[in-house]
There are 2 protein chains.
Amino acid sequence: MHQSATIKDVALKAGCGVATVSRVLNNTGSASPEMRSRVAAAVKELDFQFSEVGRSLQSSTTRTIGFVVPSIANPVYADALQGAQEVLTSSGYQMLLICTNYSPESELSAIRTLISKQVAGIVLTVSDAERSEGLSIIRNRSLPHCLLYNNAPVSHESWSVDDEAAAARVAQAFSENLHNQTGFLALNFNKSDRARQRYEGYCAGCKARGMKKPQLLEISEDFEDLTMKLKLFLRENPSITGIFASNDFLALAIVRSARKLALNVPRDLSIIGFDGIDVGLMVEPTLATIVTEPKMLGAGAGRTVLSFINKTEFPKPPSADQTFNFRAGGSLAYLGAESSDDGKITPFPSSFDPTN
Amino acid sequence: MHQSATIKDVALKAGCGVATVSRVLNNTGSASPEMRSRVAAAVKELDFQFSEVGRSLQSSTTRTIGFVVPSIANPVYADALQGAQEVLTSSGYQMLLICTNYSPESELSAIRTLISKQVAGIVLTVSDAERSEGLSIIRNRSLPHCLLYNNAPVSHESWSVDDEAAAARVAQAFSENLHNQTGFLALNFNKSDRARQRYEGYCAGCKARGMKKPQLLEISEDFEDLTMKLKLFLRENPSITGIFASNDFLALAIVRSARKLALNVPRDLSIIGFDGIDVGLMVEPTLATIVTEPKMLGAGAGRTVLSFINKTEFPKPPSADQTFNFRAGGSLAYLGAESSDDGKITPFPSSFDPTN
DNA sequence: AATAAAATTGGAAACGTTTCCAAACAAGTT
DNA sequence: AACTTGTTTGGAAACGTTTCCAATTTTATT
């Protein structure tokens, strides 16, 4: 790989000092028109571009924001990154992305790496915000940062869904549709404080509405055995009429499993999901779920870090109850009179109902 | 933000020269045990970390690979990035990510930015590989790089699906199921050479099998008017029995639209998608589609760039026909005898068939 | 004890920028 | 003609590393 031209090469070709080249190209300080055109010519001829490395060393700051997320493949984070990306790009910043694959151990090294690369700020999702070593390092160095999908004690340093409140809203939805005993379906329960918070919020919500304590159905990485697990789960808890899945993929998977067990959703089993991915609207029955806005959150976290850097006013994160919305859908049945009462929630399958 | 400690601070605290600190910490050259422990103590006390910026300036290389993709939110790219990320991380490299939002104009500036940040290599998806200015710059500088989802003349510098062959395979599937006249549904047709290649491959495939030339149904960003468009489309082309959607989301959307028009999928209209996202297996009917492996491709592209850098042997991309697989599904009907003949392709809806 | 060989150490240059400062020059003003 | 003022210019230091090289110290050999 042949070496890039440096400012020295340009100065040589233009017959001036490096200081002059720097001034001309950055439009800082004065220069004669004659000089300007000579520099311009040299730049063109050499296809010169500044080395950001040299600049960063001198200015001791990079135009780079570090991101630490558990996964890129998970659409929640992908969307959040997309939102952040757009904000960053329009401010001339770039995104240095590290993925922890849900492994808490790699969080710390990710953060150290970002620090040594001298990122101007960090947006991060950790497995446990209360006791993250990486996070304390960031705070110690007072590096501009913002949590994403973790709740922070200080409001302005976190953009996140209020998982507990959202889960309680799910309990409310079940309760309003006269469900009493439900289950909670989780994956990776121990690897993230988010799943736990959803469970706790859900339990609290059920309790507050006089419902039975939800039963926990936990599964491993592969969905393979989900159908069998569901079968056993329903056998052990025969009075369960609904399941809250901690994300929409799990919700769709459990719908499929129910179908395999000859159960009709929602007549025999109602399902509510979490996240609000678009696909939920395309399936039949449509998926009742909590709708969140990952893109907005990612963009917010990005803007927060930028305003730390630029010392401008912080964007205001949405208040707790504005971080999500409940979306009704065909996968949630009303357990009252057998005849449907509002035409919207259908106790009978509506798969090929053209009006839907 | 308080300044980080530098190697000078460490040298001062340990009472030695900076050269010694560098040698000790990098384990290059010799040092007395006594010296080693003094340096270690100083490092610990100051929480010292090397500045990669200083290192990069000196070594004129960064441990960073640049990525240019059209979108992060699109699960195809998200998965590819995930795959690449894992490869990079295990080799101690980081990912600098720039997203072009399908705008060809921003490709060039993205690439310039990456070059000025002195990335060690670039993985990129461009809108048109044949005439990408950014790509020629990269080639001119002989920067380690690899195309992703673009086909390159030189085989080892590209990891991609063979869109034409895959689309032809779709034509084969339709043909084998006795469909004769079909449609091709595309979004952003003009913004990417991939959609075009799929269309061309599909047309060629249909022709080769004696099917009628596929009609083009093109839609804009929002899916809002899709149902209406489909209605008009089918009115104008009443003999159409199947639609090839250029990605799975479009496929799911068109299934929904068909449902809204009181059409039964697959009895009245068969659908084949492209990409093979997991959700396709969870919906009812399951989606017939071309399955690709974005993660594998992303990982491959990452490995290719790394082997450029390390001058090791290139990983071999899969041969054209190994880049995809056709997956049968309930959304494709056999148009032969009304009674089903192999029990797999069901001409009648099987939504609540417990055996499915 | 004298010498050779090996190990340990630190100074200084280099990487590509920006910016301070002083020098050189041009153009007015007496 | 002798100033002042203002504009244009380039040298040099600094940012944080690595590495070459020479100087010093230790160890081994005679």
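Below, chains carry the letters A, B, ... as their sequence lines are ordered, and counting in each starts from 1.
Among the protein residues, B/Glu34 comes within range of no part of the nucleic acid, since none of its heavy atoms lies under 4.0 Å from any strand. Backbone-only engagement by B/Ser32 is indicated by non-hydrogen atom pairs under 4.0 Å involving sugar-phosphate atoms exclusively. Residue-level contact check: A/Thr6 touches the backbone only, with heavy atoms under 4.0 Å from sugar-phosphate atoms and none from bases. Within 4.0 Å (heavy atoms only), B/Ala19 reaches at least one base atom of the nucleic acid. A/Gly17 comes within 4.0 angstrom of sugar-phosphate atoms only, judged by non-hydrogen atoms across all strands, and of no base.
If you measure from atom CZ of B/Arg23 to atom P of D/dT17, you get 16 Å, rounded to the nearest angstrom.
Comparing the start and finish of the helix from C/dA1-D/dT30 to C/dT30-D/dA1, five pairs each, the helix axis swings through 60°, to the nearest 10 degrees.
Side-chain contact check for B/Gln85 and A/Asn101: no donor-acceptor pair (N or O, by modelled atom type) lies under 3.5 Å. Side-chain contact of A/Ser160 with A/Asn150: a donor-acceptor pair under 3.5 Å is absent, judged by distance alone.
Take the nearest nucleotide of DNA chain D for B/Leu57 and for A/Gly29: the residue whose nucleotide is more 5' is A/Gly29.
Every residue two or more places apart in sequence or in another chain that forms a salt bridge (Lys or Arg N to Asp or Glu O under 4.0 Å) with B/Arg55 is listed here: B/Glu52.
Atom CG of A/Leu124 and atom CG of A/Leu147 lie 5.0 Å apart (nearest 0.5 Å).
Taking the six-membered ring where the residue is Trp, B/Phe308 and B/His145 present parallel rings, their angle staying beneath 30° rather than reaching 60°.
Inter-residue side-chain proximity for A/Trp159 and A/Met296 is flagged as met; some heavy-atom pair is nearer than 4.5 Å.
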